[in-house]
Structures are given as C-alpha cells and as structure tokens.
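Whatever order the structure lists them in is the order used to number ligands and atoms, beginning at 1.
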Amino acid sequence: MIKEIQLRVTLQEEKQDNILTKKSAKFLHIDQKDITGIKVLRKSIDARTSVIIFNYKVAVYIKEQMPDSSAYAFNYKDVSDAKAVHIIGFGPAGMYAALRCIELGYKPVVLERGKNVQDRRRDLKAINREHYVNEDSNYCFGEGGAGTYSDGKLYTRSLKRGDVRRIFENLVLHGATEQILIDAHPHIGTNKLPKVVQNIRETILKYGGEIHFKSRVIDFIIKDNKIKAIHLQNNIEMDVERVILATGHSARDIFYLLHKKNIALQAKSFAMGVRVEHPQHIIDSIQYHCSSEHHELLPAASYSLVHQINDRGVYSFCMCPGGFIVPAATANGEVVVNGMSPSKRNNPFANSGIVVEINVDKDLPKYERFGVLKGLEYQKDLERLAFTSGGRNQTAPAQRLTDFVEGRLSNDLNDTSYQPGLKSAPLHSLLPKLIGGRLRTGFKVFGNKMKGYYTTEANIVGVESRTSSPVTIPRNDNLEHPEVEGFFPCGEGGGYAGGIISAAMDGERCAEAAVVGL
Ligand SMILES: Cc1cc2nc3c(=O)[nH]c(=O)nc-3n(C[C@H](O)[C@H](O)[C@H](O)COP(=O)(O)OP(=O)(O)OC[C@H]3O[C@@H](n4cnc5c(N)ncnc54)[C@H](O)[C@@H]3O)c2cc1C
C-alpha cells in the first residue's frame, strides 16, 4: 500500500535520523517496521515565523517494494540517416528541441554561434578581466545558451506540470541532482550546469544528431513563402526544410535580419531596471528572523517582491542568493548585468534584479519611429548609457541603495561580487524617470515589507535590461511563422518562454510541430 501524506518537521527535528519514518508511522498509526520506504515528493521551507518548519509531501510505502524507476522513459533512436530538422541556437530551447527530435526519429542539425562550454569559459574570463566581449561567445551566447552560466533556478509559472516534470527528469538523466525533483524552489547552480549541458550534447551526438559550434546564421533564403536555405557566417549555405529558430532574446542581429526581410514581428512589453546587491547575512536575518548567522540546515535565503507603482509593476527578478552579479552584455559598447549562483549558494552576497514593467504601447513615444523594434532600441540606449556612465568598459555604474533613493552621488560603494568592478554614478538622475522614479518609490516600499532591506550596505548596479524579449516573432496554431512555411520561432527569443524550463518545454513543443508531415 502507498499513502501520500504531508509532514511538518522543525529545524531541531530535521537533524534526527529516520525522522520521516518516525513521523509517518505516528501519522498513519502503523508500526515503523511496516514502512518499506519513503519517497520525498516535495520539500519546502516555511519561514514566516521564528519557528522554522520544513514541509514535506511524502509517499509512504507500506509492506510494498519502493520502485526506483522514473515516471518518464526517454526513448532515443538512432537518427544518423533520418530526415533533418535544423535548429538555430543551442540554449535550453534548442537543446530540448534536439532531444525531442531524436525521440521522434528525426535528425537534429544544430547551428550555434558560440563555442562549447569548456572553450566558452575563456571568453567569460576575458569579459571579467580584460573587459572584452566576444560577440559570439559570452554569458548569453554559446553552448547551453544563457542558461549555462546562470543560477539554474528551475522555477516556471507554467501550468503544464506533466511537461515540467519531464524536463526535470531529463535534467536528472543528464547529471542534475535528484534534489531538483523534490525542492519547491529547485536550482542547479552555475558550477554544475556546464556538465549537464555537456552530457546533453553527448546524448545528441551519440544518437546521430549534429551540433556545429562557431556557426552563426546570418541569412535565411525564403522562396514562395517557404524557408529553403540558411547562410552561415563562414560562407556555408545549407538547404533546409524545417527550421526551429531558438536564438534567444539577445540575438538582436536576428531581429534586425527578419525585420529587413519584411518578416512580421511584433513589439512586446518587457521590464528593465537595476540589480540590487546586499550582504547575504542581511537577507538571511530578515527572512529567518535571526540576528546573525543562520542555521546550517537552512539555505541562503531568497526573496520575492512586487508592488504596483503608478500603474506599472515593480518587482524582483531572478533573485540569486549566495551569488554573483555577472556582466551579461553581448556586444562591446554596452553594459548589462544579471545574476548567477553556485549550487551551494555560499557566496557572501545576495543579488536580485529590481525591474519596472515597460508597456511598449504607452511608454516609449520617442521611439515610435523604430516601429516594432522600439523596445529593442530603448533597451540598447539604456545599455549604452550604462556603458558610458560606468567608464566605457565593463565596469558598471553603481550607487548605494540609500543614495539612489535619496538622490545623491555615493562617495564610496560597498564591496561587490561583480568582477569587472563598479563606478559610482548618479543613477538617480541618469535613469529615465519612467524607470528611476518607480524604482526609488519601490525600494522604499520594499524596505517597509522587509525590515532591514533598505540599507546603506546595499548597492544598486546598472542596468538589468535583458529580462525578456522586447520582440515577439509571431506563430500560428501549428507553431509556424504565419508568413514562412517551415519556420518555427521558439523559446525566449520568439517571446514564448521566460526562463530555462519554459524555454526547454517550448523547444519540445516546437520539435513536435516541426516534424509533422516531414
Ligand atoms: C546570467 C543569467 C542568469 C540566468 N538565470 C536564470 C535562472 O536562474 N533560471 C532561469 O529559468 N532562467 C535564467 N536565465 C534566463 C535563461 O537563461 C533564459 O530564459 C533561457 O536560457 C532562454 O533559453 P533559449 O534557448 O530560448 O535562449 P538562449 O538561452 O538565449 O539561447 C539562444 C542560443 O542561440 C544562439 N544564437 C543566437 N543567435 C544565433 C545565430 N544567429 N546563429 C546561431 N546561434 C545563435 C546563442 O549563442 C545561444 O546559445 C538567466 C539568464 C542569464 C543571462
């Protein structure tokens, strides 16, 4: 017999051996000896009061053998001689499109502008140390896409739980810890992600798929409203029948190319702001109601904040406990920040984007001349502003949080995890009022919600501009571009995902759509 039950375990109890067995037996009024196994289905922390509780959902196996099989079988086939689906971009969307093609019996041919994870590391070092951005290999571009050197938070708002679980189990198959199947807020960590990505590459190659690195797509050949061929930067032309475009939200050259070719695009609302960085111990003491070091069994604390200010949402985005702020620009001449954490989240800083919703229909009258690319151009201008005010390299403009809100230049800044360094800049007057004004009010409100959050010990760092795509590439019910047969916009770049898991799920869906009738 299997019984699913909820258990509450205190911090003190959590340390005890067999605590889940003991509690399950008591809860079910059975003998401990009759419990043959306990499978943890979900684990979350309730830290709303000073008595911290771990909430468990468990399946208790009573006089029954516990199975060790996963709910999903991944039936990869040899596709060496199968019909090809071309996939542009090897981020989460492209990777999961490729894996799904193999399950369906089609050969994925992946074209990726960046390098493999190992070689990509050198280019990340160059950004951090020499302030040089390789425009094909950086924190956004290269094997695994923007998801590789990230926090690896696996949160999604998608309601398709079945699909979500499938992706999680596939990540475990490729080397992620089983803990991600259990945690309420699972994350992999930037130190573990490259190996998972490499294992996915090896599966694709083993079953006969192709992956071409350093292969930037620069043109599409379309005849009679059908995609016929693609051009790569190294003068190679490839005939194609089905193309999944999974180039992410930073591939501006792709948006320009589609626009130039009069392929329909739509402007999309998005969000921009800054990244705020606190010492982690401040966030821990607020969230765990403790005065200094938090309990060893508790992870570095996170937070999620949102408030409506003058008709626009102001909210925390991609919060990274125990993490680093990273330079996420994809071209020289721009400064973009984002965040990542190692699996243990043991860096002494907590950072999070704090961003303001931008309504492209109402907020950008001066950019109307750019048509559907108005949001993209606004994003670019803000990134250039961060570049010039940061010192014309990857040093980022920054200000103490309290100075930003109170409108004065900071004489000095707090320590930071941001490797290229910070430069004091008057972000309160530099940022457009649309963003800066709302952020200043927002930080005060957040300080009231979390006592101790509004502190001179925090820095804000500019700019957090790549939260989601400023453009949608439309598609019809078959997930195909309505004007170009055989062309499937996919993942975050098309406007169909907002993170690793949703991009991966969209990749699978696009693969299923792309093989129909092939
Ligand atoms: C620093 C950082 C931290 C993040 N942390 C998280 C997190 O913790 N959790 C989360 O869910 N999300 C996180 N994200 C967002 C997440 O990474 C993206 O939502 C996700 O990667 C989108 O997947 P994608 O496959 O659609 O696009 P991408 O990951 O952007 O992949 C697109 C790929 O296409 C390639 N490409 C672009 N143009 C071309 C071209 N012309 N030819 C060939 N290839 C091309 C790129 O090199 C890239 O590899 C983070 C992002 C960053 C930058």
Side-chain angles (χ1 to χ4, degrees), residues 86-98 110-117 120 123-124 134-158 167 185-190 193 197 211-220 230-233 243-258 275 302 317-321 323-330 336-341 345 351-353 464-469 473 489-507 510:
H86 288 77
I87 299 170
I88 311 176
F90 198 52
M95 288 192 296
Y96 276 85
V110 178
L111 305 159
E112 165 57 53
R113 71 194 293 163
K115 304 176 185 173
N116 68 43
V117 278
R120 195 176 163 188
D123 297 311
L124 303 188
N134 178 331
E135 300 190 357
D136 287 313
S137 176
N138 46 57
Y139 278 90
C140 293
F141 294 161
E143 188 176 22
T148 309
Y149 296 99
S150 79
D151 193 37
K153 272 184 290 295
L154 303 178
Y155 175 74
T156 173
R157 274 174 292 188
S158 171
I167 303 294
H185 298 287
H187 103 118
I188 297 182
T190 190
L193 280 158
V197 166
I211 303 172
H212 303 269
F213 292 111
K214 299 189 196 170
S215 299
R216 179 169 15 102
V217 171
I218 57 164
D219 203 2
F220 305 106
I230 47 185
H231 279 180
L232 306 183
Q233 100 258 33
V243 173
I244 295 177
L245 181 74
T247 43
H249 64 25
S250 289
R252 289 177 175 157
D253 40 3
I254 289 290
F255 296 134
Y256 286 126
L257 174 66
L258 295 176
R275 202 150 263 266
S302 63
F317 172 81
C318 184
M319 199 267 146
C320 297
F324 300 84
I325 300 183
V326 296
T330 45
V336 179
V337 289
N338 208 310
M340 69 179 194
S341 317
R345 289 184 162 161
N351 70 71
S352 176
E464 176 89 21
S465 49
R466 309 267 177 103
T467 53
S468 70
S469 183
I473 311 176
C490 178
E492 194 163 35
Y496 302 102
I500 294 169
I501 294 295
S502 53
M505 287 184 347
D506 199 52
C510 286

Looking only at protein heavy atoms, which one is nearest to [atom], and what is the separation?
| atom | result |
| --- | --- |
| atom 40 (C) of ligand 1 | Val217 N, 3.7 Å |
| atom 8 (O) of ligand 1 | Lys153 N, 2.9 Å |
| atom 31 (O) of ligand 1 | Gly91 CA, 3.5 Å |
| atom 51 (C) of ligand 1 | Ala146 O, 3.6 Å |
| atom 25 (O) of ligand 1 | Ala93 N, 2.9 Å |

Side-chain H-bond candidate by donor/acceptor type, Thr330 with Asn138, under 3.5 Å: no
Side chains of Asn338 and Tyr139: closer than 4.5 Å at any heavy-atom pair? no
Is there a heavy atom of [X] sitting under 4.0 angstrom from any atom of ligand 1?
| X | value |
| --- | --- |
| Gly152 | yes |
| Glu112 | yes |
| Ser502 | no |
| Ser468 | no |
| Ser250 | no |

Does the pair Asp136/Lys115 count as a salt bridge with the N-to-O cut at 4.0 Å? no
For the 3.5 Å polar cut-off, considering only N or O atoms, please tell me whether [X] and ligand 1 meet it.
| X | result |
| --- | --- |
| Pro92 | yes |
| Ile500 | yes |
| Arg113 | yes |
| Gly142 | yes |

I need the contact type for [X] against ligand 1. Using non-hydrogen atoms and a strict under-4.0 Å cut-off, is it side chain, backbone, both or neither?
| X | answer |
| --- | --- |
| Asn338 | side chain |
| Ala503 | side chain |
| Ile88 | side chain |
| Val326 | side chain |
| Ile254 | side chain |
| Ser215 | backbone |

Nearest heavy atom to atom 34 (O) of ligand 1 wins, so pick from Gly248, Gly89, Gly144. Gly89
Counting heavy atoms only, name the option from Met95, Arg120, Glu492 that's nearest to atom 19 (O) of ligand 1. Glu492
According to the interplanar angle, ranging from 0 to 90°, do the rings of Phe90 and Phe213 count as parallel (below 30°), tilted (30 to 60°) or perpendicular (above 60°)? perpendicular
Asp151 neighbourhood, listing ligand 1 atoms whose heavy-atom distance to it stays under 4.0 Å: 5 (N), 8 (O)
Approximate separation, where rounding is to 0.5 Å, of Met95 CE and Ile87 CD1: 11.5 Å
For atom 17 (O) of ligand 1, is there a protein heavy atom at a distance under 4.0 Å? yes
When you measure from the side chain of Ser341 to the backbone N and O of Pro321, does any donor-acceptor pair fall under 3.5 Å? yes
